[in-house]
**Q** 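Once you've had a glance at the structure underneath, I'll fire off some questions.
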2 protein chains.
Amino acid sequence: LPRTQESVAISADGDSWFLLNASPEVRQQLESFPRLHPRSLRDTPLAGVVLTNGDLDHCLGLLSLRESQRLVAYATDHVRADFMEQNSFARTLERFDGQFTWRALRLGEAESLRRADGTESGLRVTAFTVLGKPPLHARRTPDAEDNVGLRIEEPRTGAVLAYISGVGGPSPSLEALTRGARAVFFDGTFWSNDELVSLGVVTRTARDMSHWPLGDADGSLAYLERLEVPRRILIHVNNSNPILREDSAERRALGAAGVEVAFDGMELSL
Amino acid sequence: LPRTQESVAISADGDSWFLLNASPEVRQQLESFPRLHPRSLRDTPLAGVVLTNGDLDHCLGLLSLRESQRLVAYATDHVRADFMEQNSFARTLERFDGQFTWRALRLGEAESLRRADGTESGLRVTAFTVLGKPPLHARRTPDAEDNVGLRIEEPRTGAVLAYISGVGGPSPSLEALTRGARAVFFDGTFWSNDELVSLGVVTRTARDMSHWPLGDADGSLAYLERLEVPRRILIHVNNSNPILREDSAERRALGAAGVEVAFDGMELSL
């Protein structure tokens, strides 16, 4: 199954859509999903983007969305500053007035997802800090705003989606993020802590990079197995992770725990 | 025919390859071309990249090449500085010693394309200034180094390829670039000067943006029709350009002039 880099599109009405993170492959991803195709030169179903952290694989796609449409970007102040304030490239998102509107996510405060014209989309998002680090290239001191999970609610139906695409380990915020959720997308970067070290690729372990390996004794798979959420879906899976092989023992362990692996074109209705 | 953004891979020996510009869609492009697939974790056929200017659609792909391989990037000092010196993102290309080596292109001086280990690839490149502008986001005064065409030679066979992917109009350098070439890739961004203005998308004309429209009375198609190069191929074609429609009058005009349109997967042997 093809798996481009992590990005999910959400919508309450099927008319306005928000991306959760904007991967470098965002153009290919938008092209593969007809409901996100532009309706005319200035009218696109894409209303905005919600960022979980400042990593390039989550943000770089913003620079491929510099068309004539008006977009709203939701992020914590730290994540916004890492992207907008140290990068001349980001000026391409300021070519015309209102091209990008940034709205601040504050930890624990629910925010209505609004289109560029200010109208509500029918979705609310609350960001909670989860274990992580500032992006390597930002070279600054860590902050609770560096890495967030998202609790996304549709007040009309009560549906809740939890989106936790990068997480270094357990924390009380995971309970707030996932309570009553019908589905959770969860960081599946690495299976084991020494996955890249044993391949000779790098010297830093999964935990050094603030990823919570799935298969360790105190790994995230044991957490997900116990989690009372109907759909538990791994996302942000590194190409070194053996769960990508359908016939691996690790993949069978996921199946036994009732945990899925996301793929391009996967759709959920909550 | 699918057409992702402009990028061409060249090789003298079929073993080491250089990209001419690195588009935001570079990962998808590398995946679609098996001869550029990695041979092992640290051994990839991709040796480096040659940049013609600092536009995002030419450079952004460098940030998707931040793996464990060592790469060489060829660019003028101005283009390198626009990319590396004002962008915290670029630090991800300095994660380990030797990850990226920059080699300066000096106008009119032939340069051997070398792999990261310093060995020659069998290709030489000479950059010549062509009409253009610094990238919008750089916000600096123009310089002759802002936008170059490439003359690529294989000394062993005498084969010459000219690569002129952005050009604002005629200049004497076009003769130096194309003399004796067996093929030329040429900027085909717009058909007419007011192409985007008439669509109501922007207020700047093709010439305002330093593009040489194909179809004007003094347009680039008349130049290409006269050019004595066996293969004349348009690249960097904007999605507003009517030549993309196989049944358009503009496409027929290209055919009458013996000019082709590049497409994904196109291969040339010179």
Side-chain angles (χ1 to χ4, degrees), chain A residues 2-5 22-32 38 40-42 54-57 59-69 81-96 134-140 196 198-204 209 238-240 264, chain B residues 2-5 22-32 38 40-42 54-57 59-69 81-96 134-140 196 198-204 209 238-240 264:
Chain A
R3 292 189 170 90
T4 52
Q5 289 170 82
S23 92
E25 297 174 296
V26 68
R27 282 178 77 106
Q28 179 186 359
Q29 293 167 332
L30 294 178
E31 277 171 22
S32 71
S40 71
L41 275 169
R42 287 175 191 263
D55 289 347
L56 281 187
D57 57 353
C59 297
L60 205 57
L62 290 181
L63 297 177
S64 292
L65 298 174
R66 56 204 154 83
E67 304 292 340
S68 301
Q69 64 207 14
D82 283 344
F83 189 84
M84 293 301 289
E85 290 179 9
Q86 302 182 52
N87 289 295
S88 65
F89 289 174
R91 295 176 190 154
T92 60
L93 303 181
E94 297 171 335
R95 282 179 304 129
F96 60 87
L136 218 53
H137 62 267
R139 293 187 188 164
R140 58 168 176 73
L196 293 186
S198 64
L199 289 169
V201 178
V202 296
T203 55
R204 298 165 73 227
M209 292 185 246
N238 198 58
N239 58 11
S240 59
D264 284 4
Chain B
R3 292 189 170 90
T4 52
Q5 290 170 82
S23 92
E25 296 174 295
V26 68
R27 282 177 76 105
Q28 178 186 357
Q29 292 167 332
L30 293 178
E31 276 170 25
S32 71
S40 71
L41 276 169
R42 285 174 192 265
D55 289 348
L56 282 186
D57 56 354
C59 297
L60 206 56
L62 289 182
L63 298 177
S64 292
L65 297 174
R66 57 201 153 83
E67 303 292 340
S68 301
Q69 65 207 13
D82 283 345
F83 189 86
M84 292 301 289
E85 291 179 8
Q86 302 181 54
N87 290 296
S88 66
F89 289 174
R91 296 175 190 155
T92 60
L93 303 181
E94 298 170 334
R95 282 178 305 126
F96 59 87
L136 217 54
H137 62 268
R139 293 187 187 163
R140 57 168 175 74
L196 293 186
S198 64
L199 289 169
V201 178
V202 296
T203 55
R204 297 165 74 229
M209 294 186 245
N238 198 57
N239 58 12
S240 59
D264 284 4

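None of these values were measured; they are calculated from a predicted model. Quick note on labels: first sequence line is chain A, next is B, and so on, each numbered from 1.
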**Q** Relative to chain A, which of B/N87, B/T4, B/L199, B/V26 shows the most heavy atom pairs under 4.5 Å?
**A**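 The answer is B/N87.
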
**Q** Minimum heavy-atom separation for B/R91 to A/H137, with atom names?
**A**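 Nearest pair, atom of B/R91 first, then A/H137: NH1-O, 2.6 Å.
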
**Q** Counting only heavy atoms closer than 4.5 Å, note whether A/A90 contacts chain B via side chain, backbone, both or neither.
**A**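 Answer is neither: A/A90 stays 4.5 Å or more from chain B.
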
**Q** Which region of B/L136, side chain (C-beta onward) or backbone (N, CA, C, O), has a non-hydrogen atom less than 4.5 Å from a non-hydrogen atom of chain A, or is it both or neither?
**A**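 B/L136 touches chain A through side-chain heavy atoms alone.
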
**Q** If you count heavy-atom pairs within less than 4.5 Å of chain A, which of B/D57, B/D82, B/T92 leads?
**A**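 Highest number of pairs under 4.5 Å: B/T92.
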
**Q** Below 4.5 Å from any heavy atom of chain B, which atoms of A/E85 appear? Answer side chain, backbone, both or neither.
**A**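 Nothing of A/E85, per the 4.5 Å heavy-atom cut-off to chain B.
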
**Q** Side chain to side chain contact (heavy atoms under 4.5 Å, CB included) for A/R27 and B/Q28? Distances and angles first, verdict last.
**A** CA-CA 10 Å; A/R27 282 178 77 106; B/Q28 178 186 357; over 6 Å; no

**Q** How about A/L60 and B/F89: do any of their side-chain heavy atoms sit closer than 4.5 Å?
**A**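 Result yes, sub-4.5 Å side-chain heavy-atom pair found.
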
**Q** Enter the distance from A/E31:CD to B/E25:CD here, rounded to the nearest 0.5 Å.
**A**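 CD of B/E25 is found 6.5 Å from CD of A/E31.
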
